[in-house]
Structure formats: structure tokens, C-alpha cells
Amino acid sequence: MTIDGDVLEIDSDMSITDVKELYLFVKDRLEYIEEIVILGQMEDWKTSSLFSLLVAIKKKKPSLKIPAVDEKFLDMGSFGKFYWKR
Amino acid sequence: MDINKLKEIFIEEANEIVEKLDVDIINFEENPEDKELLNELFRGVHTLKGSANSFGFTRLGEFVHHFEDALDFYRNSDEKVTSKIIDIFLNAVDLIKEVMFVEIDGIDGLPDGYEKSLLEIKSLLGNGDFVEVLNEELDLAAEFGNEEIGLESLKDKLLDDEKLYKITLTIDDDIYFRGFDHARFFQLLSQDGHLLESYWNFNEELNLDDFSTDKAFIKDIEIYLASSKEAKLIKENFEYLEDNEFKIEALTTTILEPKIKEQESAQEPKTQRNHRKNDAASFVRIDTNKLDELFDSVGELVIAQNFLEESEDILNIKNENVTKTINILSKITRLIQNRVMGLRMVPIQDTFDKMRRVVRDASKKVDKEIDLVIEGGDTEIDKTMIDSLSDPLIHLIRNSVDHGIEPTKNERVALGKSEVGTVTLRAYHRGGNVAIEIIDDGKGIDRDRVLSKAIERGLVSSDDELSDAQIYSLIMQAGFSTAAQISDVSGRGVGLDVVRSSIEKLNGKVEISSTKDEGTVFTILLPLTLAIIDGMLVKCENDTYIIPTLSVLESFIPKKENVHTFKNEGEFIDLRGNMIPIVRLAKILNTQTKTVSPTESTLVCIESEKGRYALLIDDLIGRQQVVIKPLGYALSSIKEFSGSAIMGNGDIALILNTEELFLPEGLS
């Protein structure tokens with residue numbers, strides 16, 4: 001997890017512990033973050049809590065760009081395409 | 001397999017489907033009670049839609065999708081399919097052909113008439129609400145802001161042995177606490193097949209302030225899995241979950257398939273179904289290039305075999321076993337040759353079936369009622385020729401419909417004929433050739449009118465003595481048309497000459513016979529295959545040449561009194577009262593070492609597009625079927641030769657292009 005200016009880069013293979021850390025990091029810095037991008041292979045994805053968190057962030061700050069949940073669908077490779085209820 | 005190869009396969013398969021659509025629609029019009037034909041149509045369109053979407057051909061996919069809806073409506077309802085609806089279906093097939101063209105060639109925009117035809121198709125569903133019923137399940141996709149994705153497109157992604165499963169996970173919010181994760185189930189499922197899509201529905205209470213990784217905020221996930229495994233095996237992935245936390249449904253047998261299967265079981269006898277299954281298993285799709293390679297190799301085998309049979313060294317071996325073995329080898333070689341030849345042969349029925357649409361359209365345009373009769377559809381012909389035969393046939397049929405059949409029923413009745421005209425397509429074997437006849441029971445060709453038109457245009461002189469067949473053949477001269485009124489169907493004066501040249505390119509020819517008030521017969525004569533010709537082997541200046549026997553009328557040694565020389569016009573032979581020019585082959589080919597008298601040579605009378613002539617050669621060797629070999633780049637520009645062949649003794653003989661050996665004085 002790195003922050004480059006106002007873009008937060010996170011890894012696709014985050015564990016549930018990593019997601020907890022991410023939550024704690026983001027919730028106090030939300031106003032400074034303009035975009036969250038996921039790096040790495042989506043097939044390395046480990047936990048559904050990551051997407052719950054991203055959707056929660058988006059709900060809280062709709063202007064924040066999160067391509068993984070903003071796009072029509074997220075291509076997860078061998079896990080297929082993920083669509084989010086809006 | 002690269003994308004271009006896949007695209008080639010798509011084009012080939014799509015073309016086959018589209019051609020069959022035309023035939024099935026016409027057949028359905030003739031048998032409106034046969035719902036199985038509608039099922040066939042539906043299946044064809046459904047397959048086309050799947051292929052189009054998988055290649056990203058969205059314009060084709062969309063159009064075909066609506067067409068499929070319309071066909072589905074009629075196959076599942078008692079609505080009558082009227083002639084007007086058949087017109088809409090046929091127009092839709094035409095549009096599909098055009099959309100395919102723009103998709104394959106990557107052309108932007110839509111073909112003319114796309115919107116109109118689409119509206120017509122949609123209008124067929126105007127009063128039905130079945131679309132909503134059918135697409136009820138698809139609302140899920142719309143809810144997720146993704147209207148284009150639906151079960152139909154998911155089903156199109158299934159491999160042959162796969163089923164589509166919908167798996168709904170409604171795991172309690174303590175999932176993480178229990179040591180599970182949705183991600184883990186995705187990993188397990190991905191090993192059971194291929195995961196296509198999943199739709200995630202989060203709890204409404206999900207918000208950042210109350211977020212916690214101790215609790216899951218996912219209400220449910222609908223997962224679409226393509227798998228060849230049975231549901232009970234997939235179920236094993238969830239053995240540690242409560243029964244109410246997951247649900248597995250097999251979808252492939254719930255929406256479209258049962259409609260097809262129900263109708264099949266209701267209307268199709270079991271034996272027929274089994275037959276189809278066996279049919280599918282009995283065929284293998286083979287690249288024609290591979291067949292050509294195989295054919296070439298067998299050609300080489302035959303040449304080697306001939307060499308063995310003719311070799312003096314081997315003939316001198318006086319050993320019974322050797323002779324016997326060579327004889328067996330010879331028989332097996334011929335057997336293999338015949339079987340490989342057979343691989344290229346296909347029945348002409350499919351091509352004939354396509355002509356039903358041609359007759360329907362053409363007869364509607366000229367407002368004549370005409371029946372098409374097909375005979376000998378099981379006659380086999382070389383696949384290469386089939387592809388080139390469609391256009392000439394279409395033109396000849398249009399010609400029969402437009403000019404052959406009488407303009408009004410009254411005219412027919414006055415001649416004692418039925419009100420409905422008949423055009424017959426007949427195929428059969430004649431000698432070593434395939435004959436295809438296009439017969440109409442119309443008014444016949446006006447012999448005198450053709451002759452006067454030909455004289456008027458300078459094609460023949462009024463002094464020429466021409467047989468009926470020669471006069472009729474004049475209508476195939478370029479620019480010749482006797483149609484008083486140019487119609488949409490034919491009669492533009494270009495066409496019949498194109499028919500003739502197309503058939504000649506296939507080493508064939510067209511014969512015409514006609515009887516006033518009884519009708520006309522156009523006979524297309526074609527060799528059985530383009531890969532082998534029946535040739536007459538001739539000797540000229542110690543070289544061997546092959547003349548295709550289809551162009552040979554007769555051969556003879558002339559008598560001195562029949563040979564005449566005219567100043568500045570050359571030599572002629574008086575053949576039963578007709579003066580025919582003599583063409584010296586050695587002179588044409590620049591191989592002449594001495595000038596021999598025609599009486600010491602042999603003349604082969606040749607029928608060519610430019611007229612009849614007598615080819616002077618040294619001697620006749622015999623008649624033989626030869627495997628045609630292309631001349632290659634360097635020799636292909638020599639117009640006097642059309643190919644080559646390897647003889648039994650290993651020598652190469654050139655095949656003469658009889659159309660290019662003679663140029664009449666007036667044309668030179």
C-alpha cells in the first residue's frame with residue numbers, strides 16, 4: 001500500500017488483516033485521497049472484505065475515483081467479471 | 001489458434017448458416033405446418049448470434065438477436081406465418097448477409113435498410129409480451145446497470161459439454177469469524193469450470209464509519225459458472241456452509257433449451273433424432289487445402305505406380321511374385337485415387353435448394369406464378385466447382401423466369417398449358433461429365449428473331465448456314481439481348497455471355513435447345529472434377545500434348561481432295577461441306593522443324609468459343625485421364641497452355657488451351 005500524491009495504490013492480494021490496516025489508514029485521510037487503484041493480478045485476490053471496504057469508501061466520498069468499483073465491471077481474470085449493485 | 005484462423009472458421013460457418021436460412025425459410029413457406037423447420041431456423045440464428053457476439057460483431061449480434069426473438073415467437077405460438085412475414089424473414093436474411101460483410105471487413109456504419117428491416121422484425125413482436133417473459137431473468141443485469149449482459153450471452157459462452165450454473169451465496173455476516181471468505185469459494189469454483197460473471201449485492205447498512213473486518217457486509221452474490229461437472233460435485237465446495245447459505249441451479253435446461261427439446265420430442269420421431277446425432281458424429285470438417293495436398297500426393301502415387309507398370313527394367317523381371325505384387329499395388333493405388341477423389345465430391349442438392357429463393361424472388365418481381373422442380377440433387381460434383389456454379393445457375397434461372405415462361409396465364413392456357421409455369425433443375429451424369437439442365441416449359445426461343453438480331457449486329461452473315469443449336473448459342477454472345485423491355489431480373493444484355501465464360505473457366509460448356517411454345521433447355525456440361533481431366537494425348541514434333549476431350553469433336557486423317565489452300569487465308573479442310581480452318585500446332589508453338597502435308601498428319605476438330613477449327617498434329621497417342629498440375633509462375637503467362645500433367649513414364653505433357661490456339665482472320 002503506497003500513496004503517491006493523492007493516489008492510493010493498494011495490492012490485489014491484501015489479506016483481511018491488510019484490509020483492516022487499509023481501513024484505519026483511509027478513514028482518517030479520506031479528504032486527501034482522490035483516487036484508489038488496485039495493483040497486481042486480480043487472480044491473487046484473497047478477501048471479499050476488500051471490495052466491501054472500497055464500496056463503503058465510495059459511498060462516503062462519491063467523488064473519489066476507484067476504478068475497480070466505478071467501471072461497468074471489474075475483470076477478475078479466472079474469477080470472471082464482478083458487477084456491483086449500485 | 002490465431003484470431004485470423006478463428007475468423008476464417010467463423011466466416012465459413014456463418015455463410016453456411018445464412019445459406020441454410022434462405023433454404024429453410026422457403027421450405028417453411030411451402031410447409032407452414034412444419035414447426036421443426038422453424039426450430040431449425042431458430043437454432044441457426046441462435047448459433048449465428050453466439051458466434052457474432054464472441055467476435056465482438058455487435059451490429060450483427062443485435063440484428064440477429066431480434067430476428068431470433070421473432071422466430072422464437074412464431075415457433076412457440078399458433079400465429080400464422082403469412083407470405084408477408086416470409087418476405088420480412090427473407091429480407092432479414094439479406095440484411096444479415098450485408099451486416100456480416102461490413103463486420104468482417106471492419107466497415108463503419110450500417111448497411112442501407114438495416115433500421116427498416118430491424119423495425120420490421122421488431123414489429124412482428126408488437127402484440128406479444130413473450131419477450132418480457134423470456135428476459136425476466138435478465139432484469140438482474142439491468143439492475144446492475146449492465147443491460148447488455150444477460151443469460152443469453154452467458155449461454156453462448158458455454159462449451160459443448162458445459163452447463164450454466166447459477167450459484168447464490170447468502171452467507172451469514174460471521175463468515176470471516178468462521179474462517180471462511182467469499183474469495184475462497186471463488187477459488188474453489190474456478191477449479192470446477194470457468195467463472196463467467198458474479199453480481200455483488202452489499203448490505204444497505206454498509207458504511208465507512210461502521211466498517212469492520214469482523215463482519216461481512218455482503219447480502220448475497222450471484223455467481224454464473226460454466227462447468228461440465230454435475231451439480232452434486234459443485235455442491236461439495238460448500239460442504240462447510242449451512243444449507244440456507246448457498247443455492248445451486250442449473251440454468252441451461254430452464255429457459256431456451258427446453259423449448260427446443262420439448263418441440264423436438266413432440267414432433268420429431270426418436271429414430272430421426274438419433275439419426276441426426278449419428279450424422280453429426282460422422283462428419284469431420286477438413287481444410288480444403290489439406291484435401292488438395294492429399295490429392296496432390298495421391299497424384300504423385302499414381303504417377304509412380306504408372307512408372308512401375310511401364311518400366312522396362314521391371315517388366316524384364318520374370319518373377320511371378322513381383323508381377324503379382326505390382327498388380328495388387330496397382331489395384332490399391334486406383335482404389336485410393338478413387339476414394340480421395342470422392343472426398344472432393346459433394347451432392348449438388350444444397351446448390352439447387354438455394355435456387356428456390358431465386359425463383360421465388362424472380363417470379364414475384366415479374367408477377368408470374370412458377371414452380372421449381374428439382375431432380376437429381378444427389379448427383380455429386382467437385383466442391384470447387386460448386387462454389388463457382390451458383391452465379392451462372394442464378395442467371396440462367398432468372399432468365400428462364402423472366403424470358404422463358406409466358407408473361408400471362410392466359411397465354412399459357414391458350415397453348416394448353418397449366419396456369420403455373422414450371423422451371424426444372426436436373427442434374428445427372430452424362431458420359432464422363434456432369435450435366436445440369438435448366439428447363440422451362442415456356443414459349444421457347446424465337447429462332448428467327450435471334451438470327452435477325454445476330455445479322456443486324458454483324459455477329460453472323462445472312463449467307464451463313466447455321467444449325468438451330470448454333471443460332472441459339474448466339475444468345476450467349478457478349479452484348480446480345482433480344483429482350484424488348486429491360487427488366488430488373490434479366491435482359492440487360494450482359495449475363496448470358498458471363499454465364500458461358502464462367503462455365504468455360506470450369507472446363508465446361510453450355511448447350512441450348514428450344515422448341516417453340518414448348519420451352520427451352522440450357523444444359524451445363526461440366527467435368528467431374530477440376531483436378532483431373534479426360535484428355536486426348538497427341539504427338540507433335542516429338543513432344544506430347546494433351547487436348548481436353550470436352551473440346552474435341554472428332555479426329556481424322558484428311559484426304560488430299562478435301563484440303564484446300566486459299567491465298568492469304570491459309571489452309572482449310574472440307575468437312576462434310578463445311579470449310580474449317582486448319583491450325584498447325586507446331587507453328588503456333590514455334591516448334592516446327594519441317595512443313596508436313598496435312599494428308600500425312602492427323603487433324604483434331606476442335607469446338608472453341610471463337611469457332612470450329614482443325615488442329616494439325618503428328619499423331620494421336622490415345623485417351624487418358626490425367627491429374628492437372630499448375631504451370632507455376634514462370635509458365636502461367638503462356639496462354640496456349642492451361643496446365644501440365646506427369647505421364648506414366650515420368651515425362652511431362654502440357655495441356656493445350658484450345659481457346660487460345662485459334663484466332664479467326666476477322667479477329668486477328
Side-chain angles (χ1 to χ4, degrees), chain A residues 8 11-31 33 36 38 40-64 66 68-86, chain B residues 140-150 153-154 157 165 167 169 171 173 175-177 179-226:
Chain A
L8 176 64
D11 296 317
S12 58
D13 61 350
M14 293 178 101
S15 66
I16 198 157
T17 315
D18 297 332
V19 172
K20 191 174 185 176
E21 272 184 34
L22 174 65
Y23 166 61
L24 295 172
F25 180 84
V26 168
K27 71 170 189 173
D28 297 331
R29 294 172 179 83
L30 200 56
E31 58 179 309
I33 300 168
I36 299 175
I38 302 176
Q41 296 290 317
M42 292 315 294
E43 285 164 340
D44 296 332
W45 166 63
K46 297 247 179 358
T47 175
S48 56
S49 63
L50 173 64
F51 295 130
S52 295
L53 176 59
L54 293 177
V55 170
I57 293 169
K58 188 72 187 176
K59 268 181 152 181
K60 181 79 176 178
K61 186 181 176 184
S63 64
L64 196 151
I66 310 176
V69 293
D70 289 343
E71 298 289 330
K72 201 170 178 181
F73 60 81
L74 175 62
D75 193 343
M76 292 289 289
S78 63
F79 298 142
K81 290 174 182 170
F82 284 13
Y83 294 89
W84 319 115
K85 169 133 188 189
R86 298 186 192 284
Chain B
L140 174 70
E143 193 186 339
F144 282 79
N146 180 36
E147 293 80 356
E148 287 171 23
I149 307 292
S153 63
L154 293 180
K157 291 175 186 165
Y165 289 100
I167 298 158
L169 297 179
I171 308 172
D173 61 6
I175 175 175
Y176 306 131
F177 182 77
F180 301 128
D181 197 296
H182 298 94
R184 179 63 189 145
F185 295 114
F186 272 84
Q187 284 159 5
L188 291 169
L189 288 172
S190 68
Q191 290 162 20
D192 282 342
H194 60 279
L195 286 157
L196 302 172
E197 292 174 1
S198 58
Y199 295 84
W200 293 58
N201 195 4
F202 295 95
N203 278 341
E204 284 167 13
E205 64 191 54
L206 172 64
N207 67 74
L208 195 60
D209 297 331
D210 299 325
F211 184 82
S212 163
T213 50
D214 294 332
K215 185 181 169 187
F217 293 90
I218 298 161
K219 201 185 209 171
D220 56 64
I221 306 171
E222 287 191 2
I223 303 165
Y224 291 87
L225 171 76

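Chain naming here is simple, since letters A, B, ... match the order of the sequence lines and numbering starts at 1 in each.
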Can you tell me if B:Asp192 uses its side chain to pair, donor with acceptor, with the backbone of B:Ser190 under 3.5 Å?
no

Between B:Glu204 and chain A, which part of the residue has a heavy atom less than 4.5 Å away: side chain, backbone, both or neither?
backbone

For A:Phe25, is the NZ or CZ atom of A:Arg29 found under 6.0 angstrom from the centre of its six-membered ring and inside 45 degrees of the ring axis?
yes

If only side-chain N and O atoms count, and only distance matters, is there a donor-acceptor pair under 3.5 Å linking B:Tyr176 with A:Ser48?
yes

Might you confirm whether atom NZ of A:Lys60 has over 12 heavy atoms from other residues, nucleotides or ligands at distances under 6.0 Å?
no

Distance in Å, B:Phe185 CZ paired with B:Ile221 CD1, rounded so as to fall on 0.5 Å steps
10.0 Å

Which atoms of B:Leu196 are under 4.5 Å from chain A, going by heavy atoms: the side chain, the backbone, both sets, or neither?
backbone

Looking at A:Met76, A:Lys46, A:Lys27, which one has more heavy-atom pairs under 4.5 Å with chain B than the rest?
A:Lys46

Part of B:Asp209 lying under 4.5 Å from any heavy atom of chain A:
both

With chain A, the option among B:Phe211, B:Phe202, B:Phe186 that has the most non-hydrogen atom pairs under 4.5 Å is B:Phe211

Which atoms of A:Leu30 are under 4.5 Å from chain B, going by heavy atoms: the side chain, the backbone, both sets, or neither?
side chain

As an exercise: rank A:Val19, A:Thr47, A:Val26 by heavy-atom pairs under 4.5 Å with chain B and give me the winner.
A:Thr47

Shorter than 4.5 Å, heavy atoms on both sides: which option in A:Ser52, A:Gly77, A:Ser49 has the most such pairs with chain B?
A:Ser52

Any idea which heavy atoms bring A:Phe51 and A:Met42 closest together, and the distance?
CZ-CE, 4.2 Å

Please report the closest heavy-atom contact between A:Met14 and A:Asp11, naming both atoms and the distance.
CG-O, 3.0 Å

Residue part contacting chain B, namely of A:Phe82, when any heavy atom lies under 4.5 Å
both

Under a 4.5 Å heavy-atom cut-off, does chain B meet the side chain of A:Lys20, its backbone, both or neither?
both

